[in-house]
Amino acid sequence: MKSISLLGATGSIGQQTLDIVKDHQEEFEIAALASGKNIEKTKEIIREFSPKLVSMQSEEDARALSKEFPGLEVTHGSQGLIDVATYSDSNVLLNAVLGSIGLESTLAAIRQKKAIAIANKETLVTAGHLVMAEAKKYGAPILPVDSEHSALWQSMNGENPKSAERLILTASGGSFRDKTREELEGVTVKQALNHPNWSMGAKITIDSATLMNKGLEVIEAAVLYGMSYDKIDVLIHRESIIHSMVEYHDSSVMAQLGTADMRTPIQYALSYPERLPRSTAERLDLAKIGQLHFENVDFNRFRCLDFAYEAGRMGGTILTAMNAANEAAVGSFLQEKITFLQIEDVIERVMQTHDNVQNPDLETILAVDKETRKIVEGMLK
Ligand code: NDP
Ligand code: MG
């Protein structure tokens, strides 16, 4: 039995993780979980999954839970995320919280030698070097949940990593893949949230439309697989059937395919090294799909992807600054305070003026993250 600490239980990945737990009750249980503000959904989850420890973002919500569920251990805030991640009865952390706020709890769980199933890509972007170094030191496996990285992982199973020559990340292209730059001028939040293939949380859906999501994933791949940026390519593949590929030095290419359903990579991260059945999953019917399409990315139209490669190649705190600027800019776009194309402008301005520090420690990363959000706030006043 794997006992899970789940961060971001009320979110898109969190809910799909609970679907998997429900489907395999002999294999998985929820020992502890953390939500943000959605207390009603959290109450439903508590009734159904009987966790022993629950964290809410606010102290007030935590107190309300305590009243309604006597005997439930309750915690809150950023310490609450750490309490859940390090809960003594769990052996796996599934981190599906949104944003770099997931960093400290991930590091804390690694130090408790828990297996880390990571959906929270911002943590790997903002401080990948720290996460991987600690994971190595404590022997904590880092298991990707992101579909592309799960595909790379599955395409490398049993292979000598040294013979991998190139990682090819596929990208659907997001909501605006057929729009010209001029057409991107006036797009609305509602249009941006309308992803053609995947149903996901709001922030990652916007990141998909700007292609920053693919940029974050390029960095995530470099961090997870120690591959240099020249050897990581992005390929537009509008059907989202091939989830990513690895090219080997004998010219063979290994790929992982499937329908667009995040529950499959979530389950694989939880069940690894086993594969469990997924009776409810839609099966891939290639004859019905008929054709798969591929095209190169237009880096001029999707500038965020370029920013991510640039930050990745530079390394250091610029990764933290770029990620925090993106989180802040996307938040502002979702609140209709800036336009879609201004997301890029904000990130570019932050990166141009950033004083880069190589090999930053945790304290420096947290300070740059906080400072960058302040800079963006000032910029948008
Ligand atoms: P959602 O916005 O759907 O969910 C985010 C979760 O984080 C919610 O449970 C939310 O709580 C919680 N949360 C947000 N802020 C805080 C906070 N300050 N303290 C505690 N909890 C907080 O996001 P997704 O599920 O889409 O994405 C989660 C992560 O997974 C992201 O890093 C994303 O990039 C990654 N990912 C997502 C995929 C997807 O298909 N959705 C695919 C691949 C990766 P509440 O709602 O209660 O406020
Ligand atoms: Mg992905």
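Counting starts at 1 for both ligands and their atoms, following the listed order. Note: hydrogens, waters and symmetry copies are ignored here, and every other heavy atom, side chains too, is used. Counting from 1, the numbers follow the sequence of the chain as shown.
- The closest approach between a heavy atom of Ala202 and any atom of ligand 1 is not below 4.0 Å.
- Polar contact check, Gly11 against ligand 1: a nitrogen or oxygen pair lies under 3.5 Å apart.
- Salt-bridge check for Arg63 with Glu59: passed, with a basic side-chain N closer than 4.0 Å to an acidic carboxylate O.
- By the 4.0 Å N-to-carboxylate-O rule, Glu44 lies too far from Lys41 to be salt-bridged with it.
- Atom CE of Met56 and atom CG of Leu33 lie 9.0 Å apart (nearest 0.5 Å).
- Taking atom 33 (C) of ligand 1 as the reference point, the nearest protein heavy-atom neighbour is Ile204 CD1, 4.0 Å.
- Those atoms of ligand 1 that come under 4.0 Å of a heavy atom in Val97, given as number and element, are 7 (O), 13 (N), 21 (N), 22 (C), 28 (C), 29 (C), 31 (C), 32 (O).
- Nearest protein heavy-atom contact of atom 32 (O) of ligand 1 is Glu122 OE1, 2.6 Å.
- The contact set between ligand 1 and Gly8, taken as ligand atoms under 4.0 Å from a residue heavy atom, comprises 6 (C), 7 (O), 9 (O).
- If you check which protein heavy atom lies closest to atom 41 (N) of ligand 1, you get Ser12 OG, 3.1 Å.
- Within the structure, the side chain to side chain donor-acceptor pair (under 3.5 Å) test picks out the following pairs touching residues 340-349 (sequence neighbours left out): Arg181-Glu344, Arg303-Glu344, Arg303-Glu348, Thr339-Gln342.
- For the residue pair Asp361 / Thr364, a side-chain donor-acceptor distance below 3.5 Å is found, with atom types taken as modelled.
- The ligand atoms of ligand 1 that sit less than 4.0 angstrom from a heavy atom of Ile13 are 25 (O), 30 (O), 37 (C), 38 (C), 39 (C), 40 (O), 41 (N), 42 (C).
- Annotation: atom 20 (C) of ligand 1 to nearest protein heavy atom, Ser35 O, 3.5 Å.
- A salt bridge is defined here as a Lys NZ or Arg NE, NH1 or NH2 lying under 4.0 Å from an Asp or Glu carboxylate O, and Glu217 with Lys214 meets this definition.
- Residue contacts with ligand 1 for Lys121 involve both N, CA, C or O and side-chain atoms from C-beta outward (heavy atoms, distance under 4.0 Å).
- In the displayed structure, Glu363 atom CD is contacted under 6.0 Å by at most 12 heavy atoms of other residues, nucleotides or ligands.
- Those atoms of ligand 1 that come under 4.0 Å of a heavy atom in Asn120, given as number and element, are 32 (O).
- At under 3.5 Å, not a single nitrogen or oxygen of Asp146, backbone or side chain, sits near a nitrogen or oxygen of ligand 1.
- Residue, atom and distance of the protein heavy atom nearest to atom 7 (O) of ligand 1 are Leu98 N, 3.5 Å.
- Between Glu122 and Lys203, at least one side-chain N (NZ, or NE/NH1/NH2) sits under 4.0 Å from a carboxylate O, which counts as a salt bridge.
- The residue from Ser150, Ala119, Ser58 that puts a heavy atom closest to atom 44 (C) of ligand 1 is Ala119.
- Annotation: Thr10 places an N or O atom under 3.5 Å from an N or O atom of ligand 1; distance criterion only.
- Backbone and side-chain nitrogen or oxygen atoms of Ile101 are examined, and none is located within less than 3.5 angstrom of a nitrogen or oxygen of ligand 1.
- Salt bridge status for Arg278 with Asp19: absent, with no side-chain N to carboxylate O gap under 4.0 Å.
- Partners of Ala321 under the side chain to side chain contact (heavy atoms under 4.5 Å, CB included) rule, at least two apart in sequence or in another chain, are Val350, His354, Val368, Thr372.
- Note on residues 330-350: pairs passing ring pair (Phe, Tyr, Trp, His ring centres under 6.0 Å), not counting sequence neighbours, are Phe176-Phe340, Phe333-Phe340.
- The contact set between ligand 1 and Asn38, taken as ligand atoms under 4.0 Å from a residue heavy atom, comprises 45 (P), 47 (O), 48 (O).
- Ring geometry for His237 versus Phe294: interplanar angle under 30°, hence parallel rather than tilted (30 to 60°).
- Nearest protein heavy-atom neighbour of atom 26 (O) of ligand 1: Gly201 N, 2.9 Å.
- Distance check, rounded to the nearest 0.5 Å: CG of Asp146 to CD1 of Ile266 gives 10.5 Å.
- Using a 4.0 Å cutoff on heavy atoms, Gln57 counts as a contact of ligand 1.
- Under 3.5 Å, the side chains of Ser271 and His24 contain no donor-acceptor pair of N or O atoms.
- Glu183 and Arg301 are not joined by a salt bridge, as no carboxylate oxygen comes within less than 4.0 angstrom of a charged side-chain nitrogen.
- Ligand-side atoms of ligand 1 in range of Ala96: 6 (C), 28 (C), range being under 4.0 angstrom from any heavy atom.
- Distances between N or O atoms of Gly36 and those of ligand 1 include at least one value under 3.5 Å.
- Met322 and Met351 make their closest contact through CG-SD, 3.8 Å (heavy atoms, listed as atom of the first residue, atom of the second, distance).
- When the shell of 6.0 Å around CG of Asp230 is examined, it contains more than 12 heavy atoms from other residues, nucleotides or ligands.
- Closer than 2.8 Å to the Mg ion (ligand 2) sit the protein N, O or S atoms Asp146 OD1, Glu148 OE1, Glu217 OE2.
- Atom numbering of ligand 1 starts at 1 in the shown order; those under 4.0 Å from a heavy atom of Lys37 are 45 (P), 47 (O), 48 (O).
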